[in-house]
Amino acid sequence: MAGLIPEETITEVQQSLDIVDVVSEHLQLKKQGKHYIGLCPFHGEKTPSFSVSPDKQLYHCFGCGAGGNAITFVMEMEGLSFAETVKTLADKNGIAVPDAAYASSGPGETGESISRSEGHELAARFYHHVLMNTEQGKQAYDYLEARGITAELMERFQLGFSPDQPEVLKGLLDKRGFDLEQMEEQGLLYRQESSGELRDRFRNRIMFPIRDLRGRTVGFGGRTLGGAEPKYLNSPDSALFHKNELLYGFDVARKAVRRENTAVLFEGYSDVIAANKAGVDNGLASLGTSLTDRQAQIIRRNTERIIICYDGDNAGQEAAWRAGEVLEKQGLNVEAAMLPAQTDPDDYIQMHGMDRFQKEIIETALPFMSFKIQALKKDKNLQDEGDKLRYIEEVLKEMTALSRAVERDFYLRQLADEFSLSLDALKQEQYRIYKDKGVKRHPAPTEEDQEKEEKRRGFDHYSGARLHPAHHNAERYLLAHMMRDRDACMEVQEKLGGDFNLDHHAALAAHLYAYYGEGHQAETGSFINHLSDPELIKEASEIAMLDITEHMSENELADYVDKIKNYPKWVEIEQIHQKLKEAERNQDVELAAKLGNEMINMKKALKK
């Protein structure tokens with residue numbers, strides 16, 4: 001995998017990294033014993049099965065099997081090649097990577113993907129320059145300033161302005177040597193139907209750069225300054241830009257989200273920026289569409305709590321309800337900040353100031369169930385008996401989905417007090433609804449349940465021994481020792497060679513023999529960098545996470561080798577046993593006696 005990057009550079013980058021810090025940039029981790037656990041970023045889950053070992057500098061998911069070291073984690077998370085990843089991590093840590101090595105890694109690794117993002121980065125810098133430094137951008141600058149967006153905020157979010165000219169960005173991209181067809185595919189340009197000519201997609205618009213999880217500009221949102229429709233125009237979906245998988249402002253908000261263990265979700269770009277000015281620096285927004293499961297998963301990996309702060313009109317509150325249900329499905333603690341009718345966060349800050357927004361809106365956010373109760377109460381006359389009964393029925397239906405008994409009891413008592421109703425009657429009605437809906441409600445797990453679940457997932461010392469037969473475990477533990485001890489590997493090579501029973505174990509052993517044969521020292525992360533097969537990387541990382549003794553004794557080695565060598569003989573004995581049973585069914589006494597003696601002799605030989 002190292003390609004043309006010098007081995008010593010890769011080693012230096014590897015040694016400069018702390019895997020807990022690297023992984024923590026992408027998801028929230030909690031310490032559990034000597035490991036850290038979190039929600040796996042590579043498959044959807046609600047119960048953490050993703051483990052990070054600071055001692056071994058490895059990660060492994062006991063749910064989907066993903067695993068590796070800090071370099072492979074960044075490769076998987078950000079879709080980069082090995083060379084790109086090493087270069088990115090080296091730059092972060094001030095380590096020089098020879099230009100020739102990086103440039104020679106091939107177009108599949110650095111060419112097309114880099115030029116895509118570089119085209120957007122160039123466009124973002126150009127639009128920002130026009131806004132901040134030219135007469136063309138003065139109207140947009142004045143508009144933003146009038147909305148309370150300072151020059152500092154314009155810099156922080158790299159706001160820009162696209163001139164009202166059809167080919168100004170096209171000319172710049174062409175001059176810098178970009179492939180214009182590719183820039184069309186990426187949405188910076190579009191082809192005019194009448195002439196077939198390429199034109200700038202964004203014209204006479206305030207530009208909001210949209211960045212991915214790495215902080216690279218991958219698309220834009222543009223707000224018109226004139227009467228053009230639509231009012232907001234987003235980049236089209238492309239190989240680089242997937243609006244259902246991105247969150248506006250996430251690159252700016254990520255540190256604050258982690259620090260406060262809370263995110264605030266807004267509807268629009270302007271709301272995020274205005275809230276940032278008001279001190280809400282953990283704000284982010286979906287890109288003009290309903291919140292998706294993928295966006296909710298990204299949020300959940302970074303925090304446990306989210307406050308939804310959508311517009312105060314009916315459409316905004318309906319959208320908040322939908323978003324809340326998507327977020328709850330991912331296991332987030334959801335709250336909703338209530339704005340006055342017909343106002344959005346930006347308007348509220350303009351009218352009432354930053355302090356009131358913080359104290360009266362964000363800090364008074366309601367639990368999601370309370371928000372639902374308030375929403376169900378709207379447009380109902382609770383003095384009218386019919387409306388009152390409908391309201392109670394609707395609230396009870398929503399309560400049915402609550403998983404915690406304490407929470408259900410709290411809202412049932414609240415409802416009983418509000419309408420002077422019998423608590424028992426409400427409980428009976430709620431239970432009827434529950435049965436009618438067929439809701440599968442799971443009680444909150446006890447500490448004992450959680451301990452059992454952790455053991456089931458392999459968190460009890462990461463052994464996983466009971467999941468595999470003896471010979472399989474013997475091969476795994478032997479390979480774990482081989483990865484950590486060169487001398488142990490040399491002994492195994494002498495006594496066992498390639499006679500592992502499982503193909504992927506035999507492949508790992510062969511790679512280890514070659515790795516040490518090239519003069520490398522025992523270092524699991526470095527060994528994993530020499531593997532190119534993703535399945536072998538997963539297997540190696542899982543085996544490396546096993547808890548083993550510091551040094552393997554001669555007896556331990558002999559026991560593992562015997563189990564591995566004897567397994568084919570036990571398979572043969574089982575095959576003879578099956579033939580013996582068939583001979584007995586056929587009443588072939590002579591053959592049965594012969595097979596029985598053969599089995600006895602083979603078992604005796606194995607016990608010597």
Side-chain angles (χ1 to χ4, degrees), residues 115-180 182-184 186-192 194-195 197-211 215-236 241 248-249 251-252 268-278 285 287-288 344 346-347 349-350 354:
S115 65
R116 286 171 180 168
S117 60
E118 283 183 352
H120 283 80
E121 293 291 357
L122 174 63
R125 290 195 300 272
F126 168 68
Y127 292 144
H128 184 63
H129 171 77
V130 172
L131 175 70
M132 305 299 287
N133 301 297
T134 72
E135 189 63 31
Q136 286 175 303
K138 188 175 185 310
Q139 184 185 357
Y141 188 97
D142 291 344
Y143 170 83
L144 291 168
E145 206 171 38
R147 297 292 303 176
I149 298 176
T150 62
E152 182 186 357
L153 285 168
M154 295 181 209
E155 292 286 352
R156 186 176 305 159
F157 289 90
Q158 207 182 5
L159 302 187
F161 177 70
S162 53
D164 193 11
Q165 296 170 262
E167 297 184 8
V168 61
L169 178 63
K170 174 189 169 183
L172 178 62
L173 291 167
D174 191 31
K175 186 178 178 181
R176 295 292 181 91
F178 286 92
D179 183 335
L180 297 186
Q182 190 183 98
M183 294 300 100
E184 179 192 5
Q186 297 307 309
L188 289 174
L189 308 176
Y190 79 100
R191 194 169 297 278
Q192 196 173 46
S194 57
S195 65
E197 293 292 318
L198 288 173
R199 297 284 188 268
D200 294 357
R201 178 173 295 277
F202 298 99
R203 292 169 52 186
N204 197 33
R205 289 178 181 271
I206 295 171
M207 301 300 290
F208 299 85
I210 300 167
R211 300 187 178 98
R216 300 179 306 172
T217 303
V218 293
F220 293 92
R223 185 198 188 282
T224 182
L225 263 189
E229 291 294 336
K231 182 178 179 181
Y232 281 96
L233 178 67
N234 275 343
S235 293
F241 180 77
Y248 180 74
D251 57 307
V252 176
Y269 312 132
S270 299
D271 296 331
V272 171
I273 296 168
N276 190 278
K277 179 186 175 184
L287 304 181
D344 61 29
D346 191 10
D347 292 333
I349 293 168
Q350 293 289 327
M354 296 180 285

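- For Ser195, the side-chain hydrogen bond (donor to acceptor under 3.5 Å, both in side chains) partners at least two apart in sequence or on another chain are Gln192.
- In this structure, Leu173 CG and Glu184 CD are separated by 12.5 Å, a value rounded to the nearest 0.5 Å.
- Looking at Arg201 and Pro236, their side chains come closer than 4.5 Å, going by heavy atoms from C-beta outward.
- How far CZ of Phe157 is from CG of Asp251: 8.0 Å, rounded to the nearest 0.5 Å.
- Within the model, atoms CE of Met183 and CG of Leu122 stand 9.5 Å from one another, a figure rounded to the nearest 0.5 Å.
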Side-chain donor-acceptor pairs under 3.5 Å in residues 142-149, sequence neighbours left out?
{"from": "Asp142", "atom 1": "OD2", "to": "Lys138", "atom 2": "NZ", "distance (Å)": "2.8"}
{"from": "Tyr143", "atom 1": "OH", "to": "Arg223", "atom 2": "NH2", "distance (Å)": "3.3"}
{"from": "Arg147", "atom 1": "NH2", "to": "Asp346", "atom 2": "OD2", "distance (Å)": "2.9"}

Using the side chain to side chain contact (heavy atoms under 4.5 Å, CB included) rule, take Asn276 and Ile273 through it: C-alpha gap first, then chi angles, then the decisive distance, then the call. CA-CA 5 Å; Asn276 190 278; Ile273 296 168; 5.5 Å; no

Before you tell me yes or no, could you show the steps for Arg216 and His120 under side chain to side chain contact (heavy atoms under 4.5 Å, CB included), namely the whole-Å CA-CA distance, both residues' side-chain angles and the distance that decides it to 0.1 Å? CA-CA 8 Å; Arg216 300 179 306 172; His120 283 80; over 6 Å; no

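- Residues His128 and Met154 share a closest heavy-atom pair of CE1-O, 3.5 Å.
- Partners of Asn133 according to the side-chain contact (heavy atoms from CB on, under 4.5 Å) rule, which considers only residues two or more places apart in sequence or in another chain, are His129.
- A 4.5 Å side-chain heavy-atom check between Val168 and Phe126 finds at least one atom pair inside the cut-off.
- Note that CG of Leu131 and OH of Tyr141 are 7.5 Å apart. Values are rounded to the nearest 0.5 Å.
- Smallest separation of non-hydrogen atoms from Gly219 and Phe241: CA-CD1, 3.7 Å.
- Shown here for Gln158 and Thr217, the closest heavy-atom pair between the two residues is OE1-OG1, 4.4 Å.
- The distance from the OH atom of Tyr248 to the CZ atom of Arg211 is 7.5 Å, given to the nearest 0.5 Å.
- You'll find the side chain of Phe220 reaches within 4.5 Å of the side chain of Leu188, heavy atoms only.
- At least one side-chain heavy atom of Pro163 sits under 4.5 Å from a side-chain heavy atom of Val130.
- Sorted by first and then second residue, the pairs that involve residues 155-168 and meet salt bridge (charged side-chain N to carboxylate O under 4.0 Å, His left out), not counting sequence neighbours, are Glu152-Arg156, Asp164-Arg203, Glu167-Lys170, Glu167-Arg199.
- In this structure, the side chains of Arg176 and Glu118 stay at 4.5 Å or more apart for every pair of heavy atoms.
- Gln139 pairs by the side-chain hydrogen bond (donor to acceptor under 3.5 Å, both in side chains) definition with nothing, not counting sequence neighbours.
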Donor-acceptor contacts under 3.5 Å from residues 225-234 side chains, at least two apart:
{"from": "Asn234", "atom 1": "OD1", "to": "Tyr269", "atom 2": "OH", "distance (Å)": "2.5"}
{"from": "Asn234", "atom 1": "ND2", "to": "Leu287", "atom 2": "O", "distance (Å)": "3.2"}

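- With contacts defined as side-chain heavy-atom distances shorter than 4.5 Å, the pair Asp200/Leu189 qualifies.
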